Structure formats: structure tokens, C-alpha cells
Amino acid sequence: MDQHLAKLAQKKNIKHQGLETPLEQLQYFDNLSLIQQEQFLIDVILQQDDTRYSDALKEWYIKGDEQGFLKLQEEFSSLDPQQKQLDDLLIKGLLHERNKKLTKRIDILLQHQPTLQYFFAIGAGHMSGESGIVQSLRKRGYRIEKID
């Protein structure tokens with residue numbers, strides 16, 4: 001998605017930049033053991049043909065329920081203790097830790113040049129919950145509106 005938005009902006013001569021690099025995104029997987037990385041890759045491959053999760057994710061996103069993502073994650077979370085541990089590690093790193101970093105970067109950009117207009121595209125999962133970017137920015141005094 002990042003590359004798609006960057007190409008669209010480039011076609012229209014719009015200055016653009018990411019809030020994090022692809023390398024920064026991948027570094028969270030370094031916190032997993034090699035066995036956990038292998039387990040994650042196998043799970044991704046096995047779930048490619050199962051559209052229940054992606055369908056539920058799209059439905060949640062369209063509804064605009066800011067808090068629903070974490071409920072959705074819980075609903076689709078595995079009952080297997082090893083898989084549950086992996087899911088928890090991924091949510092901690094890929095969501096919660098990144099949310100803090102992305103919120104801080106957005107805040108810095110908005111404070112540094114408040115007269116500019118910004119468009120931030122973030123993954124749907126980053127919007128949900130108390131540690132989500134939406135709530136974190138609201139706590140910093142920003143007004144956030146969903147646009148359709």
C-alpha cells in the first residue's frame with residue numbers, strides 16, 4: 001500500500017515521505033526467535049486462501065469502529081498457547097510500539113510546520129484502542145475526523 005500511495009503522489013508531483021522505512025517495519029520481526037519467525041511465515045502462507053479475516057477486517061474498517069480492531073484480533077486469535085504467545089508479541093511490536101513511534105513522528109511534523117496540510121495513511125490496525133494513533137493524537141490535543 002505504501003508503494004501504491006507513493007506512486008500516486010509522484011504522478012501528481014506531490015511531495016511525500018513515509019513515517020517509517022520498510023527496514024524499520026521489518027526490524028520488529030528481529031525480536032522473534034527463528035522458530036517464531038518460521039511459525040509466522042508458515043501461518044501467513046496457510047492463511048492466504050482463507051478470506052474470513054480479511055473480509056472481517058474490511059467490514060470493520062468500513063463501519064468506522066475505532067475500537068473494533070483489537071476485538072477482531074482477539075476473535076481470530078489462536079487458542080494454541082504457542083501461537084497466542086506469537087500473536088501477543090506481534091501485536092506488542094507491530095502495533096503498540098510502532099503506534100508510539102508513529103504518533104510522535106506525526107506530532108513532530110505537525111508542530112514543525114503547522115501551516116502545511118498533511119495526509120497520513122496508516123494501516124487500519126493502528127487506529128484502534130487506547131494505544132492507537134487516533135487516541136494518542138487526541139490525547140495530544142488534535143481533532144481527528146474520519147472521512148469517507
Side-chain angles (χ1 to χ4, degrees), residues 1-9 16-114 117-148:
M1 182 56 81
D2 294 356
Q3 290 175 347
H4 177 71
L5 290 172
K7 285 179 185 176
L8 286 173
H16 62 281
Q17 71 181 52
L19 290 170
E20 63 183 351
T21 66
L23 181 60
E24 285 178 301
Q25 293 173 3
L26 291 173
Q27 284 175 333
Y28 288 96
F29 293 101
D30 291 341
N31 296 328
L32 303 177
S33 70
L34 292 178
I35 291 171
Q36 289 171 322
Q37 290 179 30
E38 181 180 294
Q39 181 183 352
F40 175 72
L41 289 173
I42 289 169
D43 290 343
V44 168
I45 290 167
L46 293 175
Q47 292 173 6
Q48 277 185 322
D49 294 332
D50 186 354
T51 62
R52 289 176 300 140
Y53 176 74
S54 60
D55 291 345
L57 188 63
K58 287 175 196 171
E59 184 180 324
W60 160 77
Y61 186 77
I62 290 168
K63 285 182 184 176
D65 175 13
E66 290 179 5
Q67 305 308 316
F69 181 78
L70 296 176
K71 292 177 202 166
L72 188 67
Q73 288 302 109
E74 191 64 35
E75 181 182 330
F76 281 89
S77 183
S78 175
L79 297 175
D80 175 77
Q82 265 189 316
Q83 183 64 42
K84 179 76 171 140
Q85 180 185 19
L86 178 59
D87 290 347
D88 291 345
L89 281 171
L90 289 169
I91 286 176
K92 181 181 179 229
L94 292 174
L95 280 179
H96 300 304
E97 290 176 19
R98 285 177 66 213
N99 286 350
K100 290 176 191 172
K101 178 176 61 176
L102 297 174
T103 298
K104 184 176 181 179
R105 289 181 180 179
I106 290 170
D107 186 36
I108 289 169
L109 282 168
L110 294 173
Q111 299 258 346
H112 182 68
Q113 293 186 312
Q117 290 185 347
Y118 292 91
F119 171 81
F120 296 103
I122 58 172
H126 296 286
M127 296 188 296
S128 189
E130 285 301 309
S131 70
I133 292 174
V134 171
Q135 282 299 92
S136 297
L137 288 170
R138 283 183 176 141
K139 288 175 187 173
R140 291 177 184 232
Y142 293 101
R143 189 184 74 192
I144 309 294
E145 295 178 25
K146 181 181 185 287
I147 53 174
D148 296 316

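Any value given below was found using the heavy atoms of this structure, including those in side chains, with hydrogens, waters and symmetry copies removed. Note that this is a predicted model, so its numbers are computed, not measured.
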query = What are the two closest heavy atoms between Gln85 and Gln36, and how far apart are they?
reply = CD-NE2, 4.3 Å

key: Residue pair Arg98 / Tyr28: nearest heavy atoms and the distance that separates them   = CG-CE1, 3.1 Å

task = List for me each residue that meets side-chain hydrogen bond (donor to acceptor under 3.5 Å, both in side chains) alongside His16, sequence neighbours excluded, and say none if there are none.
result = none

ask   = Which residues satisfy the side-chain contact (heavy atoms from CB on, under 4.5 Å) test with Leu41, sequence neighbours excluded?
value = none

ask   = With Glu38, which residues qualify under salt bridge (charged side-chain N to carboxylate O under 4.0 Å, His left out), at least two apart?
value = none

ask   = How many angstroms lie between atom CG of Leu94 and atom CG of Asn31, to the nearest 0.5 angstrom?
value = 9.0 Å

request  = In sequence, state the C-alpha distance, the side-chain angles, and the governing distance for Leu90 and Leu32, and then conclude on side chain to side chain contact (heavy atoms under 4.5 Å, CB included).
outcome  = CA-CA 9 Å; Leu90 289 169; Leu32 303 177; 3.8 Å; yes

ask   = For Phe120, which residues count as a ring pair (Phe, Tyr, Trp, His ring centres under 6.0 Å) partner, sequence neighbours excluded?
value = Tyr118

Set of salt bridge (charged side-chain N to carboxylate O under 4.0 Å, His left out) partners for Lys7, sequence neighbours left out = none

Using atom types as modelled, flag every donor-acceptor pair under 3.5 Å from a side chain in residues 102-110 to any protein atom, sequence neighbours excluded.
from   : atom 1 : to     : atom 2 : distance (Å)
Thr103 : OG1    : Asn99  : O      : 2.7
Arg105 : NH1    : Leu19  : O      : 2.5
Arg105 : NH1    : Glu24  : OE1    : 3.2
Arg105 : NH1    : Glu24  : OE2    : 3.3
Arg105 : NH2    : Glu24  : OE2    : 2.7
Asp107 : OD1    : Gln111 : NE2    : 3.3
Asp107 : OD1    : Tyr142 : OH     : 2.5
Asp107 : OD2    : Arg140 : NH1    : 2.8

query = Say you draw a straight line from CZ of Arg138 to CD1 of Ile144; how long is it, rounded to the nearest 0.5 Å?
reply = 6.5 Å

Where Phe29 and Gln37 come nearest, the two heavy atoms and their spacing = O-NE2, 3.0 Å

ask   = Can you list the residues that meet the side-chain hydrogen bond (donor to acceptor under 3.5 Å, both in side chains) rule with Thr51, with sequence neighbours excluded?
value = Asp55

task = Could you tell me the separation between the CH2 atom of Trp60 and the CE atom of Met127, rounded to the nearest 0.5 Å?
result = 4.5 Å

message = Could you work out, with side-chain contact (heavy atoms from CB on, under 4.5 Å) as the rule, every residue matching Leu23, not counting sequence neighbours?
response = Thr21, Gln27

ask   = Taking only residues two or more places apart in sequence, or in another chain, which ones meet Asp88 in a salt bridge (charged side-chain N to carboxylate O under 4.0 Å, His left out)?
value = Lys84

request  = Could you list the residues that satisfy side-chain contact (heavy atoms from CB on, under 4.5 Å) with Ile91, not counting sequence neighbours?
outcome  = Gln73, Leu95, His96

task = Under the side-chain contact (heavy atoms from CB on, under 4.5 Å) rule, collect the residues that match up with Arg143, sequence neighbours excluded.
result = Glu145

task = Find the distance between OG (Ser131) and NZ (Lys100) and round it off to the nearest 0.5 Å.
result = 8.0 Å

query = Can you name the side-chain hydrogen bond (donor to acceptor under 3.5 Å, both in side chains) partners of Asp30, sequence neighbours left out?
reply = none

